[in-house]
Number of protein chains: 2
Amino acid sequence: MVTLSDVAKEANVSKMTVSRAINHPEQVTPELLALVEKAMAKLDYHPNSIARALVNNRTNVIKFVTLEDIDTTEPYYMNLLFGVARGLKADSYAIQLVTDIDQIQKGNADGYIITGAREYNYPIFNELKKPFIFFGETSSNFDFVDTDNRYGTSVATKYALERGYQDAVFIGIDVKEGFEYAREYGYLASMQERNLEPKIFRTGNHSHLAEKLIDEQIENIKPNTCFICASDRLAIGVCRALSRLNKKLPEDYGVIGFDGVFLDQVSNPQLTTVKQQIFKMGDMLAQLILEKIKQSGSAQGQTYVKPELVVRGTTK
Amino acid sequence: MVTLSDVAKEANVSKMTVSRAINHPEQVTPELLALVEKAMAKLDYHPNSIARALVNNRTNVIKFVTLEDIDTTEPYYMNLLFGVARGLKADSYAIQLVTDIDQIQKGNADGYIITGAREYNYPIFNELKKPFIFFGETSSNFDFVDTDNRYGTSVATKYALERGYQDAVFIGIDVKEGFEYAREYGYLASMQERNLEPKIFRTGNHSHLAEKLIDEQIENIKPNTCFICASDRLAIGVCRALSRLNKKLPEDYGVIGFDGVFLDQVSNPQLTTVKQQIFKMGDMLAQLILEKIKQSGSAQGQTYVKPELVVRGTTK
DNA sequence: TTGTACGCGTTATCAC
DNA sequence: GTGATAACGCGTACAA
C-alpha cells in the first residue's frame, strides 16, 4: 500500500506537505505542489480514508434506517437509496442498511437517514449521538424531506377539471398517516375552490381492493368523472375495473395515480400520475445529512419537494 | 467518546486486557472478564470500528457495483441489495453503491460485489487489489452466484405439459446474454425430452411488445398451449393480449413468467411464475465475499441457486 | 495470564 | 511556507 510517507519520500518533502497538497493546496507553493502531484501520480497514491476517518473522528458511514415494515420489493425505496448513494458519492461515504431497530446503535456512523418513523419511535432518536434526518414529515420539530403531497393532489384535481371532467372523486388509502391526510387535503381544497362537492372513498392500498371498490360504487359516480387516486396501485385497480365495465378511458372516465415509480410504466393504458421526485429527495437527504455532520448537528430545516404531474393515457 | 482506555481505567486493568476480553475472551480469566464487562456496560462502551479497521487494514466497506445501465426502479436489485445487507449485518459492514465505472477505484473497500458485468469489463476486474465476486454467470473463471436458469424454464415447461397443455411456446427476450440462452435451453431440452417441436419467439423485454407479438402470432399457435416466458414483463403482456382476444386463462391458454419480483403480484390474474430467490442470493453474495476477505482472496466457486415454480392463476 | 511498547496512516499544532 | 511531533483508538509482538 502506498502511503503518505512514500509520496513524501518520492517528492523529497515532508508528510505534512503532501497532506496539505491534498487538503489545503492553497497553502503550498506551486512548485512543491507540482512535485507532490507528480509523485502521487507516479506511485498511484490513494489516500487511506480509514486513517483519515480516525483522526477526524468520522466513520464515513451513514446509516439508512427503514423502520416501518417495508416491503423491500417496493421500487420506491430503491430510487430513494440510489438517490442517497448519489448524494454521498462525492464524499465517498458508504451506506449501512438498517432494518432492525435494535441495530441502530450497533457499530458506528456519522449520521442517520431515517424512513418510516412513527411517533412512538421518537424516544429512540433522542438518544442518538449523531445527526439524523427523516424521510417523510414528522410531527416533532425534526429535520425532514418529504413530497409536497397537498400540492400533488391539488394539481391533479385542477388539471382534471380543466380538461373537461365534470367531477373528481378521490380514492384514498385507508391509513391514518400524514401523507394520506395531505393528499386528501389537496383534493378537498381544490374542489372547494370550484364549489364542487368532494367525494372520498378509502380502501387498502391494493389494486384488487380498488377494483372491488369501483365495482361496488360505479353506480353512484357520475359519468365524465376523474378519479384522483392516492397511489398508482389504486389507480391501476380503478383502470382495471373501468375497463372490465366497458368504460372508455380517457373519454368516459379519467384516472390519475400518485407516486410515478415503476408501476405507472407497466400499466396499460399508461397511467397519468403525480410523480414523486424520489431520486432527487434521496440526493437531498444525503446532502443535508452531510451538511449537518459538517456543522456538527445544526438544524437543516424541513423541505417539501414538489411532485410533478405526468400526463399520459388515462386522462383527456 | 468512551475508549478502550476508559474502560481499562474503570476496570483497573490494562487496555490489552479489555481488548482481549472483547476479541479473545478465552484468554482472559473469568474474574477479569466479568470486571471488564461490567465496566463496558457501565460506560456504554462501543468499539471504534475505524480504529479497528486501521490496524487490521480493513475498511468494513463492500462496494456494490452495478455496471449495466440498470433501471434503478427495478425491484429486482432492491431485493438483492437487502439480501446483501442482511448477509453483512452480523459483521456490521457497510455498502458503497457504485454505478459509475470509474468510481470503482476511488476510495477504499475490502471487497466488491459486481453485477451486470460484460466481457469487455474483465480487464478492470483484474486490476482490483481486493477480492470480488459476481452476481450473474461469467465466462471467465471468476466466482459468481446466479440463478439456475435452465432448471427454471425446464421445470416450468414440464409442469405445463403435465398439467394438460398440449404444447408449450417460448417467449424470449431479444438479447445475446447468457441468462437468456440458459432459459431457452431449459425449455428446449424439456420439449425434446417429450418429442415436441420447440417454438421460440423473441422480442424486447416490454409488456407491450409481448402483447403485440401475441396479436401477430396468435393464429400460428395452437389452442391449449402454455406460454413459457423469459420474464414477468413479457408474461404480463401475453396475458393482456390473450385477455383482449377473449381467450380464457388458464383454460384456453396458460402463461408462466420468470422472475417473481413484485410484478407478478400486481398483475391480474395473478401470474404463475418461476421465482428467483434474489434475497437469498444477495445474502449468499455477502457471505461469500466476507469469507473470501477472511481467506485473503481464495476462490469461493460458482454457485447456482435453484428458482422455484410458484403456481397461481395463469396455469391449470 | 497480563502488561508495555509500538505501529497502523493521517492531520492539527506549533515551531522554525 | 514548511517540517517535526503528537495524537486519534486499537491490536500485535513481545516481555514479565
Side-chain angles (χ1 to χ4, degrees), chain A residues 1-37 39-40 43-61 91-93 107-110 129-130 293-294 296, chain B residues 1-37 39-40 43-61 91-92 106-110 129-130 293-294 296:
Chain A
M1 169 179 276
V2 183
T3 73
L4 209 61
S5 307
D6 299 329
V7 179
K9 274 180 205 157
E10 175 72 25
N12 264 320
V13 295
S14 76
K15 290 197 299 181
M16 272 320 296
T17 305
V18 181
S19 176
R20 272 193 279 259
I22 295 167
N23 300 309
H24 311 283
E26 74 282 358
Q27 298 179 13
V28 178
T29 53
E31 298 81 47
L32 280 190
L33 195 65
L35 268 176
V36 170
E37 278 171 351
M40 290 198 300
L43 299 178
D44 189 31
Y45 168 75
H46 295 276
N48 183 324
S49 54
I50 293 296
R52 182 178 278 172
L54 182 64
V55 282
N56 293 332
N57 195 20
R58 292 275 162 78
T59 63
N60 275 28
V61 169
D91 299 45
S92 65
Y93 260 74
N108 317 87
D110 294 342
K129 284 155 196 159
K130 299 294 170 86
I293 291 167
K294 274 183 203 153
S296 48
Chain B
M1 168 180 275
V2 183
T3 74
L4 211 60
S5 310
D6 298 329
V7 179
K9 274 179 205 157
E10 176 73 25
N12 265 320
V13 296
S14 75
K15 288 196 306 179
M16 274 321 297
T17 305
V18 181
S19 175
R20 273 193 278 261
I22 296 167
N23 301 308
H24 311 282
E26 73 282 359
Q27 299 178 13
V28 177
T29 53
E31 298 80 48
L32 280 191
L33 194 66
L35 268 177
V36 170
E37 278 171 350
M40 291 199 299
L43 300 178
D44 189 29
Y45 169 74
H46 295 276
N48 182 324
S49 54
I50 292 296
R52 183 179 276 172
L54 183 64
V55 284
N56 293 332
N57 197 20
R58 291 274 164 78
T59 63
N60 274 29
V61 169
D91 299 47
S92 63
K106 193 189 164 198
N108 317 88
D110 295 341
K129 284 154 198 159
K130 299 294 172 85
I293 291 167
K294 274 183 203 153
S296 48

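Letters go in sequence order (proteins before strands), and every chain restarts at 1.
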Output yes when at least one side-chain N/O atom of A/T29 is less than 4.0 Å from OP1 or OP2 of D/dT2, else no. yes
Check the phosphate of C/dT1 against B/T17, side-chain N and O only, distance under 4.0 Å to OP1 or OP2. Yes or no? no
Could you state the NE2-P distance from B/H24 to D/dC10, rounded to the nearest angstrom? 15 Å
Salt bridge between B/D44 and A/K129, side-chain N to carboxylate O under 4.0 Å? yes
Give, for atom CE of A/M16 and atom CG of A/N23, the distance between the pair rounded to the nearest 0.5 Å. 8.0 Å
Checking all strands, does B/I50 fall into the base, sugar-phosphate, or nothing category for heavy-atom contacts under 4.0 angstrom? nothing
Considering only side-chain heavy atoms of A/T3, which listed nucleotide, D/dT12, C/dT2, C/dG9, is closest? C/dG9
With respect to the phosphate group of D/dC8, does any side-chain polar atom (N or O) of A/N56 fall under 4.0 Å of OP1 or OP2? no
Euclidean distance, atom NZ of residue A/K9 to atom P of D/dG3 [Å, nearest integer]: 15 Å
Please work out if B/L4 contacts a base, only the sugar-phosphate, or nothing of the nucleic acid, heavy-atom cut-off 4.0 Å. sugar-phosphate
Contact check, side chains of B/N108 and B/V61, non-hydrogen atoms, under 4.5 Å: no
With a 4.5 Å cut-off on side-chain heavy atoms, are A/K294 and A/D91 touching? yes
From the candidates C/dT11, D/dG3, C/dG3, the one with an atom nearest any side-chain atom of A/V13 is D/dG3
Which nucleotide sits closest to the side chain of A/R20: D/dT12, D/dT2, C/dT10? D/dT2
Donor-acceptor pair (no angle test) under 3.5 Å: A/K15 side chain, C/dT10 base: yes
Determine, step by step, whether A/E37 and A/L33 satisfy the side-chain contact (heavy atoms from CB on, under 4.5 Å) criterion, reporting the C-alpha distance in whole Å, the side-chain angles of both residues, the deciding distance to 0.1 Å, and the verdict. CA-CA 6 Å; A/E37 278 171 351; A/L33 195 65; 4.1 Å; yes
Side-chain N or O of B/R52 versus OP1/OP2 of D/dG9: is the shortest distance under 4.0 Å? no
Round to a whole Å and report the spacing from CG of A/N12 to C1' of D/dT2. 14 Å
In whole angstrom, give the distance that lies between atom CG of B/L35 and atom P of C/dT1. 17 Å
Most 5' of B/N57 and B/Q27 on DNA chain C, judged by nearest nucleotide: B/Q27
Any side-chain N or O of B/Y45 less than 4.0 Å from the OP1 or OP2 oxygen of D/dG9? no
At under 4.0 Å, does any side-chain N or O of A/S14 touch on OP1 or OP2 of D/dG3? yes
A/M40 CE to C/dG9 C1': how many Å, rounded? 15 Å
Just to confirm, is there a sub-4.0 Å distance from OP1 or OP2 of D/dG11 to any side-chain nitrogen or oxygen of B/S19? yes
Check every atom of C/dA12, D/dG11, C/dT10 against the side chain of A/M16 and return the nucleotide holding the closest atom. C/dA12
From CZ of A/R58 across to C1' of C/dT11 the rounded distance in Å is 13 Å
What's the CG-C1' distance between B/L54 and D/dG11, to the nearest Å? 10 Å
Find which nucleotide of DNA chain D each of B/M1 and A/L32 is nearest to by heavy atoms, and output the residue with the more 5' nucleotide. A/L32
B/N23 CG to D/dG9 P: how many Å, rounded? 17 Å
Taking the side chain as everything from C-beta on, heavy atoms only, tell me whether A/I22 gets closer than 4.5 Å to A/L4. yes
